[in-house]
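A short worksheet on the structure shown next.
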Amino acid sequence: MDISHARKEFIISEKERLLEEIPIVDEECNRDFIRAIIEMGGGDVQVCLQCGNCTGVCPVSLKTENKVRNIIKMCQMGLKERVLSTPWVCATCHRCYEHCPAGMNPAELIIALRHIVVRELGPPPFVVSISNNVANLGQAIEISDKILDLRKKIGLNEKPFDERYRSKAIMDIKTIMKATGYDKLIGIDLGD
Amino acid sequence: MIDTKDARTAAKYGLFYGCIIPNRYPGIERSVKVIFEKLGCNQLFSEMPQATCCPVPGIFYSSDKDTWLVLAARNLCIAQDRKQELVTFCNGCFSSLLMATEQLSDPKKLGMVNRILKNVFMKYTGVPRVTPEGRRILEPIKVRHFVDVLYRDIGLETIKSAVVNPLNGLRVAVHYGCHYLRPTENECIEDPVNPIMVDDIVASLGAKSVNYENKLDCCGAGGGVRSHVVGLAAAISRDKLMNISNVGADLIVTPCPYCLLQLDTVQERLELPRVPVFHVAQLIALALGADPQCLGLEAHAVRADEIISKYGGTK
């Protein structure tokens with residue numbers, strides 16, 4: 001098997017920066033963080049063995065310096081500030097979960113961390129814009145004129161959805177978002 | 001008040017197209033309609049005009065699980081009221097809605113959801129069924145993937161016998177996509193480490209599914225990666241596309257429009273040989289003799305002219 005390209009890819013990928021190489025002071029460690037993660041549904045990070053199986057199968061860990069194992073270790077030590085500043089880059093492919101010998105679900109942990117980020121630092125801009133689309137269009141993305149034309153040309157209704165149903169659906173979505181407090185959480189204005 | 005119990009109630013399946021298909025690749029929607037016409041099973045399927053975004057897990061499941069679950073339950077209620085199975089054409093919609101049905105079996109979550117759904121005059125209960133022992137139970141709404149419905153309910157033989165443009169000699173690289181296979185916490189539609197259904201469908205159309213390195217790897221787009229760091233998604237796709245061009249595939253076929261969107265548009269940024277990307281529905285429609293215009297290939301970034309001129313003959 002020719003692995004020359006694989007080797008090249010490996011070299012240009014980011015090396016794992018071990019936590020041991022980074023100086024940590026006691027004040028950085030927030031023990032409540034572990035409980036906050038459990039409350040958000042991320043599971044108990046203390047069961048992690050630091051074996052690194054998750055990192056080995058993670059498509060994002062292969063390409064960036066955000067290694068899953070390191071993120072979990074930082075959670076175990078309560079390094080909240082550091083963890084929350086890692087970018088929103090998990091593909092939620094759930095390979096880590098399939099390979100974890102300790103029965104953890106690192107993808108769910110990342111989801112819990114995102115919940116904490118949204119509540120404490122605010123949502124990233126694309127979360128606001130896509131939530132706005134769903135609230136106002138019923139759909140995550142907007143349609144372009146080009147696609148409206150194409151739809152007609154290939155024999156579909158020009159508009160993807162029947163307007164009569166759509167306005168009711170959008171009303172439902174707005175009502176639901178207001179009831180769960182999602183509008184306030186994300187900072188979108190749904191009108192009255 | 002809109003009456004949901006109209007003539008469509010008779011159909012066994014409700015079609016849940018999601019966001020990307022109608023708004024980015026409408027050719028998939030048209031292809032699905034062509035397939036059902038050609039296979040003569042149109043009456044089994046009906047549109048779901050009340051449906052909305054599934055909602056997209058990379059945004060809603062990541063920022064507020066409660067909102068995600070209620071919005072998903074609202075979509076499930078539409079199928080529930082018509083006693084239908086819900087058919088998705090996207091791995092994202094599939095995994096989002098399937099995960100929702102499983103979470104709704106938790107009475108605490110179900111209570112929370114129904115308290116909020118009351119505001120929009122809906123209630124999620126599941127579908128009543130009588131067991132062989134005579135017990136009345138409520139089953140969760142069945143969330144199905146299009147590939148699963150084709151393979152298990154309609155059957156490969158039916159598809160095979162309807163092929164008019166056999167795709168002989170076409171070398172296809174199948175990309176399943178993560179949320180077709182995982183998480184295995186959900187009910188799996190097939191073996192997550194050795195999936196075969198899309199390969200078998202491709203083979204039944206006369207084409208050859210070629211194996212390639214790391215076939216089950218991620219396209220790089222999911223979970224908000226594409227929305228947040230486009231370059232990282234592209235780096236992950238690049239590995240995939242390199243492995244695909246190493247085996248000389250003519251075409252990539254995927255059961256997910258989001259993987260399609262990623263693997264198609266990313267090729268404009270990469271200096272690799274161009275390989276067109278089709279949704280599995282588009283490939284089937286082509287083999288069943290659909291007018292090539294129905295496939296809506298104008299919306300694709302990578303042109304597939306060669307394939308169309310070779311296989312799009314019969315109209």
Okay, B:Pro183 and chain A: the region with an atom under 4.5 Å from a heavy atom over there is both
With only heavy atoms counted, which part of B:Lys33 is less than 4.5 Å from chain A, the side chain, the backbone, both or neither? side chain
Could you grab the distance from atom CG of A:Asp172 to atom CE of B:Met122, nearest 0.5 Å is fine? 5.5 Å
Minimum heavy-atom distance B:Glu298-A:Lys146, with the two atoms named: O-NZ, 3.9 Å
If I measure from the heavy atoms of chain A, does B:Arg226 come under 4.5 Å with its side chain, its backbone, both, or neither? neither
Answer with side chain, backbone, both or neither: which region of A:Pro123 has an atom nearer than 4.5 Å to a non-hydrogen atom of chain B? neither
Name the member of B:Leu181, B:Val120, B:Ile21 that forms the most heavy-atom pairs with chain A at distances under 4.5 Å. B:Val120
Between A:Met177, A:Glu108, A:Glu142, which residue shows the highest count of heavy-atom pairs closer than 4.5 Å to chain B? A:Glu108
Shortest non-hydrogen contact from B:Ala51 toward A:Phe161: O-CE2, 4.4 Å
To check you understand the geometry: which heavy-atom pair defines the closest contact between A:Gln139 and B:Pro22, and what is its length? OE1-CG, 4.3 Å
Taking the side chain as C-beta and beyond, is there a heavy-atom pair between B:Thr184 and A:Tyr97 under 4.5 Å? yes
Looking only at non-hydrogen atoms, find the nearest pair between A:His115 and B:Tyr61 and report the distance. CE1-O, 3.0 Å
In terms of heavy-atom pairs under 4.5 Å with chain A, the winner among B:Cys178, B:Cys218, B:Gly18, B:Gly222 is B:Gly222
Gap separating the CD1 atom of A:Ile141 from the CG atom of B:Asn23, nearest 0.5 angstrom: 5.0 Å
I'd like a table of donor-acceptor pairs (distance under 3.5 Å, sequence neighbours excluded) in which one partner is a side-chain atom from residues 84-96 of chain A, with atom names and distances.
from	atom 1	to	atom 2	distance (Å)
A:Ser85	OG	A:Glu81	O	3.4
A:Ser85	OG	A:Arg82	O	2.9
A:Thr86	OG1	A:Val83	O	2.6
A:Thr92	OG1	B:His179	NE2	3.4
A:His94	ND1	A:Thr92	O	3.0
A:Arg95	NH1	B:Asp217	OD1	2.9
A:Arg95	NH2	B:Asp217	OD1	3.2

Would you call B:Glu29-A:Arg151 a salt bridge at under 4.0 Å N-O? yes
Given side-chain contact (heavy atoms from CB on, under 4.5 Å), test A:Arg119 with B:Asp64 step by step and report yes or no. CA-CA 10 Å; A:Arg119 279 155 187 78; B:Asp64 190 45; 2.7 Å; yes
Should we count CD of B:Glu187 as having more than 12 external heavy atoms under 6.0 Å? no
Tell me whether the count of non-hydrogen atoms from other residues, nucleotides or ligands lying under 6.0 Å of NE2 in A:His99 goes above 12. no
Determine whether A:Val134 and B:Thr52 satisfy the following criterion, side-chain contact (heavy atoms from CB on, under 4.5 Å), listing intermediate values before the conclusion. CA-CA 8 Å; A:Val134 173; B:Thr52 62; 5.9 Å; no
Answer key: most heavy-atom pairs under 4.5 Å with chain B among A:Val118, A:Leu137, A:Asn105, A:Ile111 is A:Ile111
Residue among A:Leu62, A:Val60, A:Thr64 satisfying side chain to side chain contact (heavy atoms under 4.5 Å, CB included) with B:Ile236: A:Val60
Are side-chain heavy atoms of A:Glu98 and B:Pro192 found at a separation under 4.5 Å? no
Report the option among B:Leu232, B:Leu295, B:Asn119 that has the most heavy-atom pairs separated by less than 4.5 Å from atoms of chain A. B:Leu232
Quick one: what part of A:Ser131 sits under 4.5 Å from any heavy atom of chain B, side chain, backbone, both or neither? both
How long is the span from the SG atom in B:Cys53 to the CD1 atom in A:Ile173, to the nearest 0.5 Å? 7.5 Å
Report the option among A:Leu185, A:Leu148, A:Ile147 that has the most heavy-atom pairs separated by less than 4.5 Å from atoms of chain B. A:Ile147
Closest non-hydrogen atoms of A:Ala179 and B:Ile116, given as atom of the first, atom of the second and distance, are CB-CG2, 3.8 Å
Portion of B:Ile20 that has a non-hydrogen atom of chain A nearer than 4.5 angstrom: both
Check against side-chain contact (heavy atoms from CB on, under 4.5 Å), B:Asp239 and A:Lys63: CA-CA 10 Å; B:Asp239 284 4; A:Lys63 296 290 174 196; 3.1 Å; yes
So which part of B:Leu117 gets closer than 4.5 Å to some heavy atom of chain A, the side chain, the backbone, both or neither? side chain
Taking all atoms of both residues into account, what is the closest heavy-atom pair of B:Gly224 and A:Phe126, and its distance? O-CZ, 3.9 Å
Specify which of B:Ser63, B:Pro26, B:Pro55 makes the most heavy-atom pairs with chain A at under 4.5 Å. B:Ser63
Mind checking what makes side-chain hydrogen bond (donor to acceptor under 3.5 Å, both in side chains) contact with A:Arg114, not counting sequence neighbours? B:Ser62
Got a second to check how far A:Leu156's CG is from B:Cys294's SG, nearest 0.5 Å? 8.5 Å
Between CD1 of B:Ile59 and CD1 of A:Ile186, what distance do you get to the nearest 0.5 Å? 8.5 Å
Rounded to the nearest 0.5 Å, what separates atom CD1 in A:Ile154 from atom CG in B:Leu297? 9.5 Å
Selection from B:Gln293, B:Arg74, B:Met112 maximising heavy-atom pairs under 4.5 Å formed with chain A: B:Arg74
Would you say the side-chain atoms of A:Lys153 pair up with the backbone N or O of B:Gly296, donor to acceptor, closer than 3.5 Å? no
